[in-house]
Structure formats: structure tokens, C-alpha cells
Amino acid sequence: MHFLVYESVCSFKDNIDKYHNRDRGVRLKKGLLITIDGPAGSGKSTISKLLAKKLSYLYLDTGALYRAVAYQVTKRGMSAAGEERIADLCGRAKIRLHCVDQAQRVFVDGEDVTEKIRTEPISLLASTLSAMPAVRAALLSIQREFVKDGGVIAEGRDMGTVVFPEAEFKFFLEADVGERVRRRYMELVMRGENVDYSSLKKDLLARDRQDRERVIAPLRVAEGAIVIDSTQLNTEAVVNAMLAVVAKR
Ligand code: DC
């Protein structure tokens with residue numbers, strides 16, 4: 001059953017032949033797949049987007065898919081305990097990803113949910129639902145379909161371990177908990193959300209535990225992945241470190 005579709009209106013396909021990072025003299029062969037895994041607040045999204053921009057690659061934010069399922073579950077007032085019903089919902093929902101200039105937009109059954117899925121309750125529920133085998137299985141095909149032509153920066157929790165173990169480059173981003181909470185806090189505040197720092201920290205730690213300890217596809221460093229601790233580094237520094245690795249091989 002093929003129940004999830006994606007649509008890419010990204011400029012990537014037109015750019016695939018001419019992407020280079022000329023500033024840094026980086027020239028790559030066509031269509032590499034680069035994975036970036038790591039916990040919440042490690043800087044994955046910001047770094048993935050910038051790296052995708054520098055390479056004129058597509059950006060795949062897989063957390064948005066889990067968030068989209070969480071959004072549907074919330075909207076329908078369903079209980080997170082009903083795995084069968086949630087699997088059934090995944091089977092019927094149509095999730096589409098639009099990617100324009102490294103900005104990914106997410107649609108569920110035609111509704112643009114890009115901003116709506118960024119709240120803390122959705123973050124926590126996405127983490128809870130992501131431990132369900134049926135949910136992970138439902139989202140697998142859309143992720144693999146997205147990268148079939150290569151030229152993608154794929155970020156998530158199990159990119160290098162489960163979904164794309166064959167990726168040419170794998171990175172794992174880390175940062176101290178305090179720094180990760182601070183980043184997430186700033187992100188929500190900038191978005192105009194009313195956030196309580198200590199409950200945010202509690203949620204982030206709960207999410208960390210769920211994502212690392214679940215039985216299926218837990219967050220861990222993939223074989224062959226390069227670990228980067230971004231606690232003391234800014235976005236540019238991390239991206240430049242990644243570009244240096246990619247250019248060297
Ligand atoms: O990256 P994010 O914070 O948007 O992800 C939200 C949740 O989705 C995360 O806590 C766990 C889940 N997730 C996952 O299990 N596997 C992925 N590849 C991406 C996200």
C-alpha cells in the first residue's frame with residue numbers, strides 16, 4: 001500500500017549539474033546523500049538547511065513527518081495509546097513535502113501545517129508516536145522516495161542507522177543539554193510562543209529519553225558517522241567543518 005506521497009517543487013533538479021560551493025572551492029560528484037542525526041536542539045535543522053543551500057541540495061526534515069502524524073492525531077482527538085487506530089490513520093493520511101530553496105513545507109490532507117507542527121505538545125507527541133513500529137513503517141517509503149536521485153541533506157534520528165545506512169556521508173550532531181534547551185527556547189520565543197524554560201527543559205529531557213531508549217530505530221551514532229559537538233560552535237563553523245569532510249573524500 002502506498003499511502004504517502006511527496007512532491008518536490010525544489011529547484012534542485014535544475015541545479016544538480018551546476019552545484020558547487022565555489023566560495024570554498026568544494027566540488028562534488030553528483031547527487032550525494034548526506035545524513036545528519038542528533039537530539040533535539042543540537043542544531044540539526046539550521047545546519048542542514050545551510051549545508052543544503054551551500055551545495056544546492058534538497059533538504060529533508062524527517063522530524064516534520066512524525067510531527068505531521070502527531071498533528072493529525074491531536075486534531076482528531078485520538079489517544080496516543082491506540083496504536084492500531086494511529087496506524088490506520090497513517091494509512092489514510094496524505095503527507096506531502098514541498099521543498100522550495102531549502103525551505104520545506106508540509107501538507108497533511110491538503111492543509112499546510114508547516115508552522116502548526118512546531119509547538120512543544122506536538123514535539124512530545126511526535127516523539128511518543130515515533131516509537132511505534134507502524135508509524136515508522138508508514139513513513140519509510142516517503143523518506144526513501146525523496147532521496148532517490150541523491151543530492152539530499154536528510155536530517156532526523158535514524159537517517160544514518162536505519163533509513164539511509166548507505167549514505168555517502170553521515171554526521172551526528174551533539175551539544176550540551178543546557179545549550180540545547182537554550183536554543184530550543186530561543187527558537188520558540190522568536191516564533192512568538194509563550195514558553196516556560198523549566199517545562200521546556202523537562203520536555204526536552206523526556207524526548208531525549210524516549211528517542212534514545214525506544215526499541216525500534218533509537219537515536220544513536222551510525223556506523224561510520226562523524227560526531228560533531230556544536231556546543232561551542234556557531235552554524236557557519238559546523239557547516240564549514242562538514243564541507244571540509246565532504247570535500248576531502
Ligand atoms: O527533529 P524533530 O524534533 O522535529 O523530531 C520530532 C520527533 O520525531 C523526535 O523527537 C523523534 C521523532 N523522529 C524520529 O523518530 N525519527 C526521525 N528520523 C525524525 C524524528
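We count ligands from 1, going down the list as the structure has it; atoms in each ligand are counted the same way. All residue numbers refer to positions in the sequence shown, counting from 1.
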Quick one: look up the protein heavy atom nearest atom 6 (C) of ligand 1 and list residue, atom name and how far away it is. R207 NH1, 3.5 Å

min-distance protein heavy atom vs atom 20 (C) of ligand 1 -> G63 CA, 3.5 Å

SB check R183 E179 (cutoff 4.0 Å): yes

Among protein heavy atoms, which sits nearest to atom 10 (O) of ligand 1, and what does the distance come to when rounded to 0.1 Å? D211 OD2, 2.7 Å

Does a donor on one side chain sit under 3.5 Å from an acceptor on the other, for T161 and R220? no

Close-contact set for ligand 1 against T62 heavy atoms, below 4.0 Å: 17 (C), 18 (N), 19 (C)

Between R180 and A40, is there a donor-acceptor pair closer than 3.5 Å when you use the side chain of the first and the backbone of the second? yes

Using a strict 4.0 Å cut-off to heavy atoms of S127, name the atoms of ligand 1 that fall inside it. 10 (O)

Please assess S230 against E174 for the test side-chain hydrogen bond (donor to acceptor under 3.5 Å, both in side chains), listing each intermediate value before the final yes or no. CA-CA 6 Å; S230 71; E174 278 178 350; over 6 Å; no

Identity and separation of the nearest protein heavy atom to atom 1 (O) of ligand 1: R157 NH1, 2.9 Å

If you measure from the Lys or Arg side-chain nitrogens to the Asp or Glu carboxylate oxygens, is any gap between R157 and D37 under 4.0 Å? no

Relative to atom 18 (N) of ligand 1, which among T35, D37, V135, D158 owns the nearest non-hydrogen atom? D158

Salt bridge between E115 and R118, side-chain N to carboxylate O under 4.0 Å? no

Is there a donor in the side chain of S79 and an acceptor in the side chain of R85, or the other way round, less than 3.5 Å apart? no

Considering only non-hydrogen protein atoms, determine which one is nearest to atom 4 (O) of ligand 1 and report residue, atom name and distance to 0.1 Å. R67 NE, 2.6 Å

Answer with yes or no whether M159 contacts ligand 1, where contact means a heavy atom under 4.0 Å from a ligand atom. yes

Starting from atom 8 (O) of ligand 1, locate the nearest protein heavy atom and write down its residue, its atom name and how far away it is, to 0.1 Å. Y66 CB, 3.5 Å

Is any N or O atom of D61, backbone or side chain, closer than 3.5 Å to an N or O atom of ligand 1? no

Between R92 and D88, does any NZ, NE, NH1 or NH2 come within less than 4.0 Å of an OD or OE carboxylate oxygen? yes

Charged N-O contact under 4.0 Å between E236 and K54: yes

Evaluate R136 for polar contact with ligand 1, using N/O atom pairs at a separation under 3.5 Å. yes

Under 3.5 Å: N/O of R214 near N/O of ligand 1: yes

